[in-house]
Structure formats: C-alpha cells, structure tokens
Amino acid sequence: MLSSQSWTIVSKKEKTPERFKYYQALGKKNETLEVIYLTWPDKKLPNFVRLEDFKKYGNTNELIEYCFYVDSKKKLGPDFSEDVRDKFVKKIPVKLKGKFFVTKQFDDNFPTRDFEELRRVKELGFNTENDEYKVFVID
C-alpha cells in the first residue's frame, strides 16, 4: 500500500547584502544603460553618468545632478573585469544591465569606508536632493 505524503519545496534564497536594506527601487524592470565613468578630485562623488547625459551636460556644473553610484548584488560591491576597468579609464562607454534604486544610507564599505560617517556629519562636499543617493545595481 502506498502512503500519501505532503512534500514542501523549500527554495534557498541568497542572503541580500546588508546595504540593500536601505535601497528603494525606482522602477520595476531592469534596463540596459550606456555609461561613462568619471573621475572627480573628491573620491566620494558618484562616478557614473549615462552617455546621453554626459553628452548633454558634460561641460556644465549640472552634470553632477545626473551622476549615480554603481553597486552590485555581490557582498562587497561591483567587481569589474580588467577590460571594463580599462574602458572606464579611457572614457569608453560601457553597457551595464540592472535597476535604479535610491537610498539615504549605505553600509560601511560602499561606496567608500568613510562615506557613511561623512554623510552623517554632513561633510561630503556635495549635496543631494533630500539626502538621497541614486544607485544603479547591476545584475
């Protein structure tokens, strides 16, 4: 005689990095962006901008308003290949796929170790609307 048993399927979900508990999605779907990596004298400024915004605002003070951070689902943040990092240095546009989020707080490691402390004491050297930071989280 066969006995009937109930089976429960348990899916193992990957633990979300701590920094994402503060992130709020700006949209529901992923998108592909063509971005340029920027270097600033202030290392705490967001380093990425859409190619179209760079072309439009590249030589104006307004450019910073269109810049954003890039993060990844990896525990320690994005880890780009040597080829991609080389393109960043040479100002060659790179396509990234992911989703935009906004956050008022990061963890202690992203974007830099001292960022959160400087944010708390309002000494970042740049201001954002409502102290929110735009982040593109790559897949």
Pairwise side-chain hydrogen bond (donor to acceptor under 3.5 Å, both in side chains) hits with a residue in residues 52-68, at least two apart: Y57-Y66
Pairs satisfying side-chain hydrogen bond (donor to acceptor under 3.5 Å, both in side chains), at least one member in residues 88-102, at least two apart: D86-K90
Mind listing the closest non-hydrogen atom pair of [X] and [Y] along with its distance?
{"X": "V137", "Y": "F101", "result": "CG2-CD1, 3.5 Å"}
{"X": "V49", "Y": "L63", "result": "CG2-CD1, 3.8 Å"}
{"X": "C67", "Y": "L38", "result": "SG-CD1, 3.6 Å"}
{"X": "V35", "Y": "L96", "result": "CG2-CD1, 3.7 Å"}

Residues forming a ring-ring contact (aromatic ring centres under 6.0 Å, His included) with F48, sequence neighbours excluded: Y37, F88
For F68, all residues meeting ring-ring contact (aromatic ring centres under 6.0 Å, His included), sequence neighbours excluded: F100
Cluster link F136 to L51, ILVMFWY, side chain under 4.5 Å: no
Y23 side chain near D71 side chain, heavy-atom distance below 4.5 Å: yes
Passing option when I138 is tested against N30, L33, V70 for side chain to side chain contact (heavy atoms under 4.5 Å, CB included): V70
Interatomic spacing from OG1 in T103 to NZ in K21 - rounded to 0.5 Å: 10.5 Å
Test item: W40 side-chain N/O and P46 main-chain N/O as donor-acceptor pair under 3.5 Å: yes
Any residue meeting salt bridge (Lys or Arg N to Asp or Glu O under 4.0 Å) with D79, in chain and number order, not counting sequence neighbours: none
ILVMFWY cluster membership beyond V89 - transitive side-chain contacts under 4.5 angstrom: none
